[in-house]
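Each chain gets a letter, A, B and so on, in the order its sequence line appears, and its residues count up from 1.
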Number of protein chains: 2
Amino acid sequence: MKGKATSFDIAYQAGVSQSTVSRALRDSPAVNQETKDRIFAIAKQLNYKVDKNASNLRKQRSGTLALLLFEDPTVDESQINPFFLAMLGSITRACTKRGHDLLISFQQLSNDWHADYEDSKKADGIILLGYGDYVDYEEKLNQLLAQETHFVCWGARVEGHPEFTIRSNNQQGGRLAGEHLLSLGRSRFAFIGNASEHSPEFFERYQGFVQALSTQGIKPAQVPQLEAISTEQAGFDATLQLLASGYKPDAIFAASDLIAIGVMRALQQQGFHVPSDVAVVGFDDIPVASFSSPALTTIQQNTTLAGEMLVVNLLRLIHREGIAQTEIEPKIIVRRSCGAVLPTASF
Amino acid sequence: MKGKATSFDIAYQAGVSQSTVSRALRDSPAVNQETKDRIFAIAKQLNYKVDKNASNLRKQRSGTLALLLFEDPTVDESQINPFFLAMLGSITRACTKRGHDLLISFQQLSNDWHADYEDSKKADGIILLGYGDYVDYEEKLNQLLAQETHFVCWGARVEGHPEFTIRSNNQQGGRLAGEHLLSLGRSRFAFIGNASEHSPEFFERYQGFVQALSTQGIKPAQVPQLEAISTEQAGFDATLQLLASGYKPDAIFAASDLIAIGVMRALQQQGFHVPSDVAVVGFDDIPVASFSSPALTTIQQNTTLAGEMLVVNLLRLIHREGIAQTEIEPKIIVRRSCGAVLPTASF
DNA sequence: CTGAAAGCGCTTACAG
DNA sequence: CTGAAAGCGCTTACAG
């Protein structure tokens, strides 16, 4: 009997047909309760587990979702964006909760996608996270669309198909940052982070930010914007460049927390005090944000909710049900770096 | 032809048998090159992908590994230990590199394990990460052993089966911390972190630490040890307790970086300066370590190497090959919190 | 080098 | 409520 029991082994021991075993194991109402009990007992004793390959093959679906993580190739490969890591955690949890398995894999945008996860029946659908340059990415999305792959993605809007994207209201997030800094009496602003169609999420944060400022008569042209991908180093470099230009900001909004931390390092290295000389606000609320010095004020994206929504919506897509909510409202988390909290407050 | 092409569709179009298609697709040398070329062309055109469920069922293996992450149930569920997150990244990469898929799932130690990943043929083997209380965990490991499941785990030694565990040389790590602090002239030490058979890794770090101190005549009894699980809060609480006892340490070795960060917060809140009053050394070198204030001196565990070794050794186990190296040498990363670096040094 | 055939372990109409 | 049978899409001896 070694070498994995099958449903035939159980059938033999229970004195019923294999069909009945199969039904009982899936708790079909069409099976006598006593028969079921007997079958379950034997299954347990034999340490029987349904062979997923066989049952998937027969059922033509896998009960598995695939998560493809795209990394910015410009970033050191050992460094995964902490925001995506948090998402990964919540996605995994959301899958487990719904009885699905999660297959995960890192991808380079440049490579041929292993989007054959669905074609090869390994997964019923795909979740995409991260995308590097959005212009290149969009093309790939259209391929998936053409192949009728079931997928959802984070952040990047799919033209004409809003249902495929779960995203933060980034504009609103940018607005919150702008309004908060204005309320603290700041007046010389800067934005650090890429802001073009290549990075739509950052771009929207930028737009919300300058929009908030414009309500106080501050024109976008008066707000320097420096390019930076989402790394500490990029934030650091961009800030040095900003300071070298001679502009003296008293408030910097960074497109991500990683950038913000680099911004603070650069400011401090150049002798500026955060927040008394320059207030800094980030975006994401990654774990590091609360441990930086000073602790970072930031726009939080609720990753637990985001992970849930990605999984739920993908499952609805697979089952051809209508899509639920797809946008998440950001929230400002006030800590020390913006100057709103008294220096004497604990931590 | 919609609804996924099969090898029969290709066979029909190529004018050969389905067997030949199957062979050609796996690049069997027993197939004429011209035939192969023809078959590949048709496969590509039909966007054909081998059905993994069918091929796995037939081959009786899955090309997939499962990663089970055990979380400490005492910790807030949204907070995953950053060290494990880093491991997760490197394990994923190591799998991808070897053409394997990775299934991931969170587990509670208390639950019935879904260790049926292998039994249900979803995975060829299992990687275990994290374990909460080791005494409870060990029992589960023995179950896996009894079921002849292919598995490897991180950190926890499996009695009589060293080949199943990949681990840091924790004693050596503790020794490095002790020696370094001694070399800086510190003399009143403390250790924060659980140190019993329930947390074998922390315990070994503790042992290495006191062993190093003993070379200078400092007895273990002179080194207070306070219990703390691996969270910032636990480190904070334990430190307050230590200080309340009246002991005035000038050097604290924390069993993990998360603990160390809590230790520093408590010290600073109580008016102690780090490192001039108290030097602090952590363990892990998680990303946060370099962003804390002051930046944390710590014992680094090479997660890239660790992930590689877990995957490689599991694969060897599956293929019944001998096991390779299973221990990783830790390395001290000197930053500001220990006082070895001049305050004027950048970041 | 190629084909006919068996079979991996299930699920699910179909029939009773 | 139960059973006999077909079939999901492959891989791999076996035979030629």
Side-chain angles (χ1 to χ4, degrees), chain A residues 1-40 42-43 46-64 116-124, chain B residues 1-40 42-43 46-64 116-124:
Chain A
M1 189 72 24
K2 259 287 137 163
K4 305 296 179 204
T6 71
S7 51
F8 283 94
D9 298 322
I10 299 179
Y12 178 77
Q13 291 201 23
V16 296
S17 76
Q18 182 268 341
S19 324
T20 299
V21 171
S22 177
R23 286 192 195 95
L25 258 16
R26 273 165 306 102
D27 207 23
S28 156
V31 178
N32 184 301
Q33 189 59 48
E34 280 175 40
T35 317
K36 267 190 201 172
D37 292 344
R38 192 150 34 95
I39 289 172
F40 271 114
I42 297 172
L46 258 40
N47 197 26
Y48 172 81
K49 297 284 153 38
V50 172
D51 184 313
K52 281 296 173 187
N53 289 132
S55 97
N56 290 345
L57 173 59
R58 180 54 231 248
K59 291 196 293 191
Q60 295 293 62
R61 52 184 186 68
S62 67
T64 300
D116 22 291
Y117 278 106
E118 186 170 346
D119 291 330
S120 64
K121 307 275 174 61
K122 286 193 286 195
D124 300 329
Chain B
M1 189 72 25
K2 261 285 140 168
K4 306 293 182 207
T6 71
S7 51
F8 284 93
D9 298 323
I10 299 179
Y12 177 78
Q13 289 202 24
V16 295
S17 74
Q18 182 269 340
S19 327
T20 300
V21 171
S22 176
R23 288 192 195 96
L25 259 16
R26 276 168 301 104
D27 209 21
S28 155
V31 178
N32 184 302
Q33 189 59 48
E34 280 175 40
T35 316
K36 268 190 201 171
D37 291 343
R38 195 149 33 95
I39 289 172
F40 273 113
I42 297 171
L46 259 38
N47 197 27
Y48 172 82
K49 298 282 153 40
V50 172
D51 184 314
K52 281 295 173 186
N53 291 131
S55 97
N56 290 344
L57 174 60
R58 180 54 232 251
K59 291 195 293 192
Q60 296 293 62
R61 52 184 187 68
S62 67
T64 300
D116 21 293
Y117 279 105
E118 186 171 348
D119 290 330
S120 64
K121 306 277 174 60
K122 287 194 285 193
D124 299 330

Closest-nucleotide mapping onto DNA chain C: is B:Q33 or B:L57 further toward the 5' terminus? I mean the 5' end.
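Looking at the nearest nucleotide for each, B:Q33 comes out on the 5' side.
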5'-most contact on DNA chain C: B:K59 or B:T35, nearest heavy atom basis?
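Mapping each residue to its closest nucleotide by heavy atoms, the 5'-most match is B:T35.
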Between [N] ([atom2]) and [X] ([atom1]): distance, integer Å:
X	N	atom1	atom2	answer
B:K49	D:dC10	NZ	P	12 Å
B:D51	D:dC8	CG	P	11 Å
A:D9	C:dC10	CG	C1'	13 Å
B:F8	D:dC8	CZ	P	9 Å
B:R61	C:dG9	CZ	P	15 Å
B:Y12	D:dG9	OH	P	18 Å
B:I10	C:dT2	CD1	P	15 Å
A:D37	D:dC1	CG	P	13 Å

Derivation of the side chain to side chain contact (heavy atoms under 4.5 Å, CB included) call for B:Q13 and B:L46
CA-CA 10 Å; B:Q13 289 202 24; B:L46 259 38; 3.8 Å; yes
[X] side-chain proximity, nearest of [options]:
X	options	answer
B:V31	C:dT2, C:dC10, D:dC10	C:dT2
A:N32	C:dT2, D:dC1, D:dC10	D:dC1
A:Q60	C:dT11, D:dG9, C:dA5	D:dG9
B:A54	C:dT11, C:dT2, D:dG9	D:dG9

Base D:dG9 to side chain A:R58, donor-acceptor N/O within 3.5 Å cut-off:
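No, no donor-acceptor pair under 3.5 Å.
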Decide whether A:D37 and A:Q33 meet the rule of one side-chain donor and one side-chain acceptor closer than 3.5 Å.
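Yes, because at least one side-chain N or O of A:D37 sits under 3.5 Å from a partner of the opposite role on A:Q33.
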Please give me the minimum heavy-atom distance between [X] and [Y], naming the atom from each residue.
X	Y	result
A:I10	A:Y48	CD1-CG, 3.5 Å
B:V50	A:S120	O-CB, 3.4 Å
B:I39	B:A14	CG1-CB, 4.2 Å
B:V31	B:A24	CG2-N, 4.0 Å

Between C:dC10 and C:dC14 - P atom distance, rounded Å
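It works out to 23 Å between them.
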Going by side-chain contact (heavy atoms from CB on, under 4.5 Å), name the residues that satisfy it together with A:N53, two or more places apart in sequence or in a different chain.
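For A:N53, the residues satisfying side-chain contact (heavy atoms from CB on, under 4.5 Å) (neighbours in sequence not counted) are A:D51, B:N53, B:N56, B:L57, B:K121.
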Sequence neighbours left out, what pairs pass salt bridge (Lys or Arg N to Asp or Glu O under 4.0 Å) with at least one residue falling in residues 18-36 of chain B?
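Applying salt bridge (Lys or Arg N to Asp or Glu O under 4.0 Å) to every pair that reaches into residues 18-36 of chain B, excluding sequence neighbours, yields B:D27-B:K36.
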What stem regions, each of at least 3 consecutive Watson-Crick or G-U pairs below 3.5 Å, can be found for DNA chain D?
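DNA chain D forms these stems: C:1-3 with D:14-16, C:5-12 with D:5-12, C:14-16 with D:1-3.
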Side-chain N or O of [X] less than 4.0 angstrom from OP1 or OP2 on [N]?
X	N	value
A:R23	C:dC10	no
B:S17	C:dG3	yes
B:R26	D:dT12	yes

Sugar-phosphate only, base, or nothing, as touched by [X] at under 4.0 Å among non-hydrogen atoms:
X	answer
B:S7	sugar-phosphate
A:S22	base
B:S19	base

